[in-house]
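Scroll down for the structure; my scribbles are underneath it.
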Amino acid sequence: MTDVEDDRLAAIADLLRRADALPGGPAPVALGEHMVEAARVPTRHRAALLRLTPMELTCIRFLGWGRSNADIATLLLISDNTVRVHLSNVARKLELDGMRELAALAGLLFYPAD
């Protein structure tokens with residue numbers, strides 16, 4: 001990554017840390033068994049995120065942590081193709097334009113800010 005990209009990522013991480021730490025803010029949102037700070041959940045996707053299956057949520061959580069499809073498949077004991085199907089279903093349900101947009105949303109939701 002370039003220095004400019006590193007600076008932008010650091011600024012985004014700082015914004016997420018500050019949003020997560022706001023006192024008296026909205027309660028975390030339960031996405032299946034995963035708790036996500038409300039500030040990280042885009043309003044336009046909230047209802048659709050609540051309707052995802054547990055396996056779809058787990059796949060996007062690992063995607064948000066920066067794992068590859070092969071890593072996710074190994075961790076969940078499923079095939080690479082099954083991971084692709086789950087991620088494709090998530091992108092369709094959330095009305096996203098593709099995997100890059102899904103990866104960005106997964107990072108916003110699940111990537112640790114610290």
Side-chain angles (χ1 to χ4, degrees):
M1 273 196 249
T2 66
D3 289 337
V4 172
E5 289 172 328
D6 288 342
D7 292 342
R8 288 178 67 196
L9 287 174
I12 290 169
D14 184 54
L15 287 171
L16 286 173
R17 271 193 295 281
R18 284 193 271 150
D20 289 350
L22 286 175
V29 176
L31 299 178
E33 63 186 37
H34 314 293
M35 296 302 291
V36 178
E37 294 298 326
R40 291 178 176 234
V41 182
T43 306
R44 84 176 199 132
H45 296 301
R46 185 170 295 205
L49 283 165
L50 295 172
R51 290 191 303 269
L52 296 178
T53 68
M55 187 61 83
E56 290 168 344
L57 285 167
T58 302
C59 285
I60 65 169
R61 185 169 192 178
F62 284 131
L63 181 67
W65 289 350
R67 296 292 192 157
S68 68
N69 287 1
D71 288 345
I72 296 169
T74 300
L75 291 165
L76 298 178
L77 304 173
I78 58 178
S79 73
D80 288 7
N81 192 48
T82 303
V83 172
R84 278 191 287 281
V85 168
H86 285 309
L87 295 177
S88 177
N89 287 341
V90 171
R92 180 181 44 78
K93 289 177 181 181
L94 298 178
E95 299 177 359
L96 301 175
D97 289 335
M99 289 302 131
R100 284 187 181 187
E101 195 171 351
L102 177 60
L105 177 61
L108 172 68
L109 293 171
F110 296 112
Y111 194 79
D114 41 350

If you look only at pairs with a residue in residues 48-79, which of them pass as a ring-ring contact (aromatic ring centres under 6.0 Å, His included), with sequence neighbours excluded?
Phe62-Trp65
Minimum heavy-atom separation for Arg46 and Ala38, please, with both atom names.
NH2-O, 3.4 Å
Starting at CG of Asp97, measure out to CZ of Arg100 and round the result to the nearest 0.5 Å.
12.0 Å
Pro28 versus Met35, closest heavy-atom pair with distance:
CB-CE, 3.7 Å
Please tell me if the side chains of Cys59 and Val90 come closer than 4.5 Å, counting only heavy atoms from C-beta onward.
no
Does anything in residues 29-60 pair up under ring-ring contact (aromatic ring centres under 6.0 Å, His included), and if so which pairs, sequence neighbours excluded?
His34-Phe110
Shortest non-hydrogen pair, Leu57 vs Gly32, comes out as CD1-N, 3.6 Å
Give me the atom names and distance for the closest heavy-atom approach of Asn69 to Leu87.
OD1-CD1, 3.4 Å
What closest approach, in Å, do Arg44 and Glu101 show between heavy atoms, and which atom pair accounts for it?
NH2-OE2, 3.9 Å
With sequence neighbours left out, what residues match Arg51 under side chain to side chain contact (heavy atoms under 4.5 Å, CB included)?
Ala47, Ala48
Would you please name every residue forming a side chain to side chain contact (heavy atoms under 4.5 Å, CB included) with Ala106, sequence neighbours left out?
Ile60, Leu63
Given 3.5 Å as the limit, does a donor-acceptor pair link the side chain of Glu56 with the main chain of Leu52, or not?
no
Do you know which two heavy atoms are closest between Leu108 and Pro42, and how far apart they sit?
CD2-CG, 4.0 Å
Please report the interatomic distance CG(Asn89) to CG(Leu94), rounded to the nearest 0.5 Å.
10.5 Å
In one Ile/Leu/Val/Met/Phe/Trp/Tyr side-chain cluster, 4.5 Å: Val85, Met55:
no
Atom pair CZ (Arg40) and CG (Leu109), whose distance is rounded to the nearest 0.5 Å:
8.0 Å
With distance as the sole test, does Thr58 use its side chain to make a donor-acceptor pair with the main-chain N or O of Pro54 at under 3.5 Å?
yes
Side chain to side chain contact (heavy atoms under 4.5 Å, CB included) filter on Asp71, not counting sequence neighbours, yields Arg67, Ser68
Would you say the side chain of Val29 lies within less than 4.5 Å of the side chain of Leu50, judging by non-hydrogen atoms?
yes
Can you name the residues that form a side chain to side chain contact (heavy atoms under 4.5 Å, CB included) with Ser79, not counting sequence neighbours?
Asn81, Thr82
